Each structure stands twice: as structure tokens, then as C-alpha cells.
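Let me begin by presenting the structure, written as C-alpha cells, before commenting on it.
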Amino acid sequence: MLGLMQDWPLLCHRIIEHAAKYHGTQEVVTRSVEGPIYRTNYAQIHARALKVSQSLQRDGIKFGDRVATIAWNTWRHLESWYGIMGIGAICHTVNPRLFPDQIAWIINHAEDRIVMVDTTFVPMVEKVADKMPSVERYVINTDRAHMPQTTLKNAISYEEWIAQSDGDFAWKDFDENTAAAMCYTSGTTGDPKGVLYSHRSNVLHALMANCRDALGTSAADTMLPVVPLFHANSWGIAFSAPSMGTKLVMPGPKLDGASVYELLDTEKVTYTAGVPTVWLMLLNHMAANNLKLPHLRMVVCGGSAMPRSMIKSFVDMGVEVRHAWGMTEMSPLGTLATLKPPFTELQGEQRLDILQTQGYPPYGVQMKITDDAGKELAWDGKTFGRLKVSGPAVSKAYFRLDTNILDEQGYFDTGDVATIDPHGYMRITDRSKDVIKSGGEWISSIDLENLAVGHPAVAEAAVIGVRHPKWDERPLLIVQLKQGQKASREDILEFMDGKIAKWWMPDDVAFVDGIPHTATGKILKTALRDQFKSYSFPNAAA
Ligand code: AMP
């Protein structure tokens, strides 16, 4: 027997309709690419998103066609998202930090028909435009006054483009399983893989993100997503914030500590979300200028492990920290660390111990750890295993790739190695390809990195496994010092000594001027392994 409730498909565009209707005057504030702060609201965003839909249809975009965006977090980008998805086309967010040839590869693979691009990226796109034959038109996200000279095909400024539409348009209902958005994973090996979100998965993910123990913003909050719309679905914030009527502050192209601080301060931001490198820049700027953020209540941090020293800095400022783990294939939220019973009253170091884990999943994500043969491992907080996940907002396949990515129970292998404790708190110890195998045991490179960045002179640290004649692999700690600071190999090893098992201690420390990063801000270990490929440990003869 079927239930007798209404058949109401979960569609992304209904979110912005809701925001326009019930929170129409709620502000969306942007540091524009042109420079000035621009203020609009949900009613305006909705009205202009309808014009985007009309303009796309006028240009021949149909249900299922792909439209790319190469853009910063701005109000125009948000309008484009909803305008594209509202007509059943697919919003393909392209990460502009990738190499131009990778961008061309991705756009070809997706067969994008229109590319909506910020002025910042026009010169880069021009260089590879002749390699992207599927693209029929470029919409440049600016107005006529700021329109650059460009060789891009059929280029038109966004404002002129939508001005040709009157906005007298209505979005329709369609199957909630229709594809809404796509995002390619920036794999460090092999070709990028296209993750294809559906309307249903995005809406369910937004509801998950809205839980009190997840992002949990309300209509009285102000959220600043530093995490870009092109990085893993902007952690769902472009859906979750409007669905709650939360004020949005979009940082545009300026993500340095001073610019982010200025927006957090002047817009009285209560919630913000981004990767650890962003918070490092913010904290350095605040410390150097003796600044405070009295309105800030919550910092959500994910994408890479949040160092303990960083968690402590925010906690000491009276700001709640929410360490999150996830991935593009998961829409992306997987787990978040909050203090639940019996840990709610913990203080000091014990409190940090919990906040530093990657946390436990919201309803809608299931996880398990297994050995290489797929056998489930114990949740004892010690046993490392392959982390596998399932849920309605987790990928079951990649776009145009005919490989099975699920195990027999329908779980997706995240490529991460983790422990889970009896309370369900998960700790990432490594990417499976980064874990250091020493004498048959595993050493977590992430734990060592977290510890090393706690040294006051260390700006960033990376640990890689280097071949060792006796132990197979041993950890090499690679350190970038803070500007103007000094520390020797011995200083750093002494700082780490006693805080980890003896056999986990790095065998050597190498100092570098800069640590390479991927397009999503993660440490690029392949480049470091390459850089240190002829390195051998001083004790290697042992
Ligand atoms: P992406 O799809 O680019 O968001 O990358 C996902 C990967 O980032 C995950 O599989 C993890 O390896 C890593 N990651 C994300 N969040 C965290 C975190 N909080 N701690 C450690 N690694 C993380």
C-alpha cells in the first residue's frame, strides 16, 4: 500500500522560490569582481535567475544540456546556478585553479554548450578556447561598462544578456532524479572524473546540512562561504543558506586574511566555512593586527585536516569549531565533529581531542571501515581501515565512465584510511595512497603533519613515506617555516618527541620555501614525492 501524501518532487529551484517568498528582503552581499561591495536580496536573485533561464532557452539550451560556470562566489554566480538548474539543464562548476589544458579537457568531456565566466578568467579561457568545440557562446559575468575586449565566441556581458529577457517565466516540475549539477574531482592521478548531482540529492543534502549539529544556520544568521561554489558544491551552502533564509556574504575573488576579516567584521558574520589554509591566513592577520570578531560564532573547516593548534586558536576566541570531512562524491558533507554525550562537558585538551576528530555523520550518511578484502573492521578507535560510505547524496557512478564504484553492499570507497571509535567518531589517518607503511605497520602522515604545525615556527608541514632498506618506508617531515622564524631539525623533532609513539617519529626533517597545493588547496604529495625522489635518509644504512 502506498502512502497518501502529495507527490512533491525535491527540486533545487524550489529552494530559491521559497527564499524569495518567505525571506525576500534577506540580503546577499558580495565583494564584486569589479571591486565594490554589491548588495541584493533573495527576491532579486530569484527574479534574475528566471531571466537567466529565459536567456538560456533563447540561446537554445534544453533539458539535460550542460552549462559551465568558471566564477568566484558572487550573486551573479548564485543566480546562474538556479537559472541553469531551473530549466533542467546541468550547472557544471569548473575549478579555475586547474591548469588551462585540464579545464579544456573537462569542458570537452562534459560537452558544455555555454560557459559563464568571470572577467578574471577570460584571458586564461581565451588561450584554450579553440580546444573546446562544444562551446557555442561565452557569457562574461559583468556589465557592459566592465566588459573586456575578448576573442571568445559570441561573447556578451551577463547584464546585457539577461536584460534581453523580461523575467515573465515560470519553472516547471520534473522528476527529482534529474541531473542538476556536475563537478569534476581534481584527481592527482588519472583523468578527472565527473560527479553528477541530482535535484533530489542536492535538496536532501541541504536538509542534512541544515541540521543543528551540521552547518545549522537559521534565518537570524549570516553565513560567509569562503569555500568556492566550484569546490565540491560549495559544501551545499548555496542551497542550505537560502532554504533557511540565512543572509549570505560572498567574498568574490579576495580570499586573503585581511579581505575575509573585513567582510566577517563589517557584515557581522555569524557562520563561515572554508579550508584550513584560509583560516591560517585569517588567524595570522588577526594576530598581527590584534583584531577580534565579536559576532562570529562558528567556523566550519574541512577539505583537509584541521590542525589542533588552529582549533585551539578559535576555541580560545570563543568561536565554536566544526571540523568536517567529506568529498565531492558525497555532495560533499560526510561527517562533522560536535560534542555529544558523554563528551559535552569536556574541557581543555580532552575537548580538543574530540573536536579534532572528523566527527560522525548526519542522518543520511552511513559509513564503515574494511580491510583490503572488504571485511568490516572494529569500531575501536585504533584499527585503521578503508573508509566506505553510502547515502542518497553519495555517488553511484561517474559521468560517462563505465566502471562500478560500489561494493556489494552499495558502499563507495572514499580512498581515505580511517579509524572509527565506539561512539561513531571517525578519524582520517590518511589518503590510502599516502599512508606510510613502516615494517608492516601503518603511520598516519596527517597525525604527524598536525603535530608539526603546532610548533610555533612552522607555517606548514607535509609528511611523505621515503624508501628505507630496513623498514620499507619511513616518514620524512617536510617543513615550511613562518616568515622570519628559525627552527632547526632538532628543535622540531624535540617538540614532537613524547607526543607520538617513538616509531612514528620522522627519520629526518627537510626545509622548503613552499609546499605545493592542488587546485582545491590540499597538499600535493605527488609533487613532493617527485621532488624528494632521490632523497635517502641519513640513517638509511641501518
Ligand atoms: P574533495 O573531493 O576535493 O573535497 O576531496 C576530498 C578529500 O579531501 C577526502 O577524501 C579527504 O582525503 C580530504 N579531506 C576532506 N576533509 C578532510 C578533513 N577534515 N580531514 C582530512 N582530510 C579531509
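Remember, it's a predicted structure, so these values are computed and weren't measured experimentally. Remember, it's 1-based here, ligands and their atoms both numbered in the order they're listed.
Heavy-atom contacts of Ala305 reach the following atoms of ligand 1: 18 (C), 20 (N), 21 (C), 22 (N) (cutoff under 4.0 Å). Heavy-atom contacts of Gly303 reach the following atoms of ligand 1: 8 (O), 13 (C), 14 (N), 15 (C), 16 (N), 17 (C), 23 (C) (cutoff under 4.0 Å). Near Thr328, meaning under 4.0 Å from one of its heavy atoms, ligand 1 places the atoms 1 (P), 2 (O), 3 (O), 4 (O). Residue contact check: Gly326 has heavy atoms under 4.0 Å from atoms 6 (C), 7 (C), 9 (C), 15 (C), 16 (N) of ligand 1. Of all atoms in ligand 1, numbered sequentially from 1 with element shown, those under 4.0 Å from a heavy atom of His231 are 3 (O), 4 (O). Listed by number with element, the atoms of ligand 1 under 4.0 angstrom from any heavy atom of His323 are 18 (C), 19 (N), 20 (N).
Atom SG in Cys183 sits 7.0 Å away from atom NE2 in His92 (nearest 0.5 Å). Going from atom OG1 of Thr30 over to atom CH2 of Trp75 covers 6.0 Å, rounded to the nearest 0.5 Å. Annotation: the span from Ile436 atom CD1 to Leu448 atom CG amounts to 6.0 Å, rounded to 0.5 Å.
At a 4.0 Å cut-off, not a single heavy atom of Pro332 sits close enough to ligand 1 to count as contact. Not a single heavy atom of Thr185 sits closer than 4.0 Å to an atom of ligand 1. Within the 4.0 Å heavy-atom cutoff, Ala324 counts among the residues contacting ligand 1.
In terms of N/O distances under 3.5 Å, ligand 1 is approached by Gln358. The distance criterion of under 3.5 Å between nitrogen or oxygen atoms is not met by Ile446 with respect to ligand 1. Backbone and side-chain nitrogen or oxygen atoms of Lys522 are examined, and one is located within less than 3.5 angstrom of a nitrogen or oxygen of ligand 1.
Residues Gln366 and Ser390 bring a donor and an acceptor atom of their side chains to less than 3.5 Å of each other.
A donor-acceptor pair under 3.5 Å links the side-chain atoms of Asn108 to the main chain of Ala104, judged by distance alone.
Contact record, Gly424 with Met367: O-CE, 3.4 Å, taken as the closest heavy-atom pair.
Atom NZ of Lys340 has more than 12 heavy atoms from other residues, nucleotides or ligands within 6.0 Å.
Between Phe399 and Tyr184, the ring center distance fails the sub-6.0 Å criterion.
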